[in-house]
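Data block below; observations after.
From a predicted model like this one, the values you see are computed outputs, not experimental measurements.
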Amino acid sequence: MRGFIVRFSVVLVAAAGSFTWAEVAPEVVTRLTSDLKYLSSDELEGRGVGTNGLNVAADFVAKAFKDAGLNTTKAGGDAFQEFTMTTGAKLGPTNTLKLVGPDGKTIDLSIDKDFQACSFGASGTINADLVFGGYAIDSKGENFQELEGIDVKGKAVIVVRKNPRQSDARGTGGGRGGPSRQNDLRGKISSVFGKGAAAILFVNDDYTGKKELEIAKQRAADGAEAVVAEAAALLATDVNNADAVKGAREKLDEAVKKAQLLKGAIAKVETDVLMKFGYGGFTQNAGGPIYHVTQAAIDQALKASLKKSLAELQNEIDLDFKPRSAPLTGWKAEGQASIELVKTEVKNVVAVIEGQGDLAEETVVVGAHYDHVGFGGQGSLAQGVKDVHNGADDNGSGTVSLIELARRFGARKEPLKRRLVFIAFTAEELGLIGSARYCTEPLFPLEKTVAMINMDMVGRLKDEKLIVYGTGTAPSWKGQLERLNADLKFELVMKPEGFGPSDQSSFYAKKIPVLHFFTGTHPEYHRPGDDWNLINYSGMARVVDMVEQITLETVQATEKPQYVEVKGSGDQARTRSGDSRPYLGSIPDFGNETPGMALSGVTAGSPADLGGLKGGDVIVEFAKQKISNLDDFDLALRKFKAGDDVDIVVLRKAERVTVKVKLGQPK
């Protein structure tokens with residue numbers, strides 16, 4: 001039964017540029033609109049982790065829960081389950097590097113001038129032999145494996161950025177021409193540290209700098225041609241037409257000024273620019289220190305040892321597309337990297353309605369994440385844009401729907417049989433961090449948590465299509481939804497899998513039945529244009545009706561939903577969809593900061609499950625390649641194909657365990 005008496009009237013609602021007639025309660029639309037306009041306003045800075053706007057949003061949700069009559073003191077006296085997470089990196093006090101030759105020759109390097117420590121590297125001291133590793137590309141398909149047959153274990157490896165044959169427009173594969181997963185920074189790092197290297201010394205490729213200089217020279221040449229053209233136009237102007245002569249002279253003067261600026265710009269082109277600290281983000285578990293070193297510094301060691309410059313080695317690789325990797329006999333890299341990880345305090349917002357009776361100690365969780373991607377950057381699909389990403393649909397819509405549900409249940413006079421816990425999760429956009437933390441440190445026992453119901457992006461209902469994940473995670477879900485939908489008349493799309501890209505996954509990994517409500521993606525997803533005026537408030541109100549009814553039935557039912565392990569769910573470790581990477585079925589635990597790739601669970605019936613991997617395992621080695629983080633795992637997996645047998649080493653309660661897994665077909 002509902003906590004509010006609904007008075008139906010006809011309301012015209014604007015939804016994603018179209019108009020839909022729907023029967024809704026006007027007071028519900030008013031509340032949802034008011035709440036969402038505020039949560040998705042510029043004032044809240046896109047609710048990004050690390051912004052003050054996220055804290056303001058948390059306070060807003062907590063107050064709304066309290067005003068609805070819910071208990072907001074269960075998280076240590078207030079509504080906030082607080083914890084810290086790593087959100088960045090900064091330079092520590094000591095960052096040094098020098099190259100030492102066999103004759104005692106020492107090349108001392110200065111930070112910001114000759115080298116920069118990279119934010120995605122680790123802290124540590126190095127005293128390691130130098131190896132030239134080329135581009136560090138490992139592409140069996142291209143028959144170009146630069147680290148094959150060369151010992152880099154415990155060494156400092158010089159790695160050229162980007163890829164060979166950049167000027168070859170035909171090249172698109174692992175090494176040739178265009179970018180790929182193997183020749184981006186993360187791919188190179190994974191390849192090198194996966195082979196056991198102690199440190200990486202990145203150096204700019206020769207081609208990129210030359211190209212920038214050529215572009216500047218061409219612009220200057222174009223500017224000079226423009227001057228000639230304007231001078232010719234002036235000469236051709238009728239000398240008796242004073243206005244025409246004046247206009248032609250002004251155009252010539254403007255062209256001359258522009259040409260001078262373009263010519264001067266040639267001298268300002270830097271062909272060997274060091275990465276600024278912070279470029280490329282940070283890596284929680286890097287395999288060792290990473291530096292970016294100038295070509296001039298690296299050339300001194302290359303010429304002394306290999307008798308060739310960096311440019312000469314790159315030219316040779318381009319000519320025959322064969323590796324030139326080699327040890328720099330007698331040469332060492334010595335130094336210290338000091339990278340300090342930045343910790344940020346974040347918080348889940350929790351409110352409770354206690355149950356009464358024999359089932360009072362059982363819990364139903366209903367949740368939605370309230371964070372978004374702030375000003376863009378990581379997570380944004382608008383590359384290079386630093387505008388506020390207001391996240392009205394993602395997931396302001398789920399958050400205000402959660403608040404509306406809190407109001408309805410808070411207004412009920414009839415007691416609930418089970419405890420109902422409302423949670424607005426933080427840091428979902430960074431990897432389900434908030435829900436993972438709750439499942440690691442639950443306020444109420446997970447073994448007595450009978451269901452989790454989640455809302456993420458429920459504000460863009462179109463063509464009545466409502467997508468519900470998790471319908472196979474309990475035998476009762478499908479029938480209940482179909483029965484409730486007889487009145488609501490959605491075009492239900494029911495997906496049985498419990499795992500998916502939102503917070504219900506954290507609970508399903510703990511063997512809890514889940515439902516996840518979703519109205520679909522749209523062109524504004526993870527872009528600045530996801531604003532409140534594009535929301536279908538009528539449709540969102542009806543989604544709230546559905547979630548209210550299924551939640552109420554779950555809380556009040558005599559029998560709890562029975563957990564079902566759904567087979568065939570997608571591989572949640574996939575970082576790039578639609579590719580040909582073989583299927584494992586691992587579900588990463590993004591909230592676990594242990595070095596390696598921590599698993600929150602594995603998909604039922606998947607290769608991971610059949611091979612013996614378990615939730616709580618930390619993958620530290622994949623087919624003899626060291627795994628320090630998810631990037632390492634992703635690249636290692638891409639080196640194999642469906643049907644391959646691989647040995648995977650995991651830490652299981654601090655013990656190293658090896659399992660053999662047969663990889664499956666891509667999904």
Exercise for review: Any chance you could measure I317, atom CD1, to D205, atom CG, to the nearest 0.5 Å?
Suggested key: 11.0 Å
Review point. Just by distance, do the side chain of K162 and the backbone of Y135 share a donor-acceptor pair under 3.5 Å?
Key: no
Check your understanding: Do D138 and L147 touch side chain to side chain, with heavy atoms closer than 4.5 Å?
Key -> no
Check your understanding: Is R47 paired with D371 through a side-chain N to carboxylate O contact shorter than 4.0 Å?
Key -> no
Review point. Counting only N and O atoms by type, is there a donor-acceptor contact under 3.5 Å from the side chain of D318 to the main-chain atoms of P164?
Key: no
Review point. Are any side-chain N or O atoms of D299 and backbone N or O atoms of L310, one a donor and one an acceptor, separated by less than 3.5 Å?
Key: yes
Practice item. Answer yes or no: is there a side-chain heavy-atom contact under 4.5 Å between F202 and I189? Key: yes
Review point. Is there a donor-acceptor pair closer than 3.5 Å between any side-chain N or O of S325 and the backbone N or O of E146?
Key: yes
Review point. So do Y525 and D530 actually touch side chain to side chain, heavy atoms under 4.5 Å?
Key: no
Exercise for review: State whether the number of non-hydrogen atoms from other residues, nucleotides or ligands found under 6.0 Å of E345 atom CD is greater than 12.
Suggested key: yes
Point to revise | N143 atom CG, neighbour heavy-atom count above 12 within 6.0 Å | key: no
Exercise for review: Answer yes or no: is there an ion pair linking K641 with D644, defined by an N-O contact shorter than 4.0 Å?
Suggested key: yes
Review point. Between H389 (side chain) and D387 (backbone), is there a donor-acceptor pair under 3.5 Å?
Key: yes
Review point. Can any side-chain N or O of D617 pair as donor or acceptor with the backbone N or O of L613 at less than 3.5 Å?
Key: no
Check your understanding: Do D647 and V649 have side-chain heavy atoms sitting under 4.5 Å apart?
Key -> no
Point to revise | T426 and R437 side chains, donor-acceptor separation under 3.5 Å | key: no
Review point. Between N204 (side chain) and V273 (backbone), is there a donor-acceptor pair under 3.5 Å?
Key: yes
Exercise for review: For the pair F640 and F622, name the ring-plane relationship: parallel under 30°, tilted 30 to 60°, perpendicular over 60°.
Suggested key: perpendicular
Review point. Should we count CZ of R219 as having more than 12 external heavy atoms under 6.0 Å?
Key: no
Check your understanding: In terms of side-chain heavy atoms, does T87 have a donor or acceptor partner in K343 at a distance below 3.5 Å?
Key -> no
Check your understanding: Is the backbone N or O of I587 less than 3.5 Å from a side-chain atom of S600, with the two atoms forming a donor-acceptor pair by type?
Key -> yes
**Study point:** Cationic N near anionic O, under 4.0 Å, K257 to D253
**Key:** no
Point to revise | Side chain T96, main chain Q336, donor-acceptor under 3.5 Å | key: yes
Review point. So how far is it from L663 CG to I648 CD1, rounded to the nearest 0.5 Å?
Key: 7.0 Å
Review point. Is there side-chain contact between Y291 and L109, with heavy atoms separated by less than 4.5 Å?
Key: no
Practice item. Would you mind reporting whether P102 and W331 have side-chain heavy atoms less than 4.5 Å apart? Key: yes
Check your understanding: Should T294 and F115 count as side-chain neighbours, where that means a heavy-atom distance under 4.5 Å?
Key -> no
Review point. So do the side chains of F277 and I339 get within less than 4.5 Å of each other, counting heavy atoms only?
Key: yes
**Study point:** Polar side-chain atom of R324 near backbone of K322 as donor-acceptor pair, under 3.5 Å
**Key:** yes
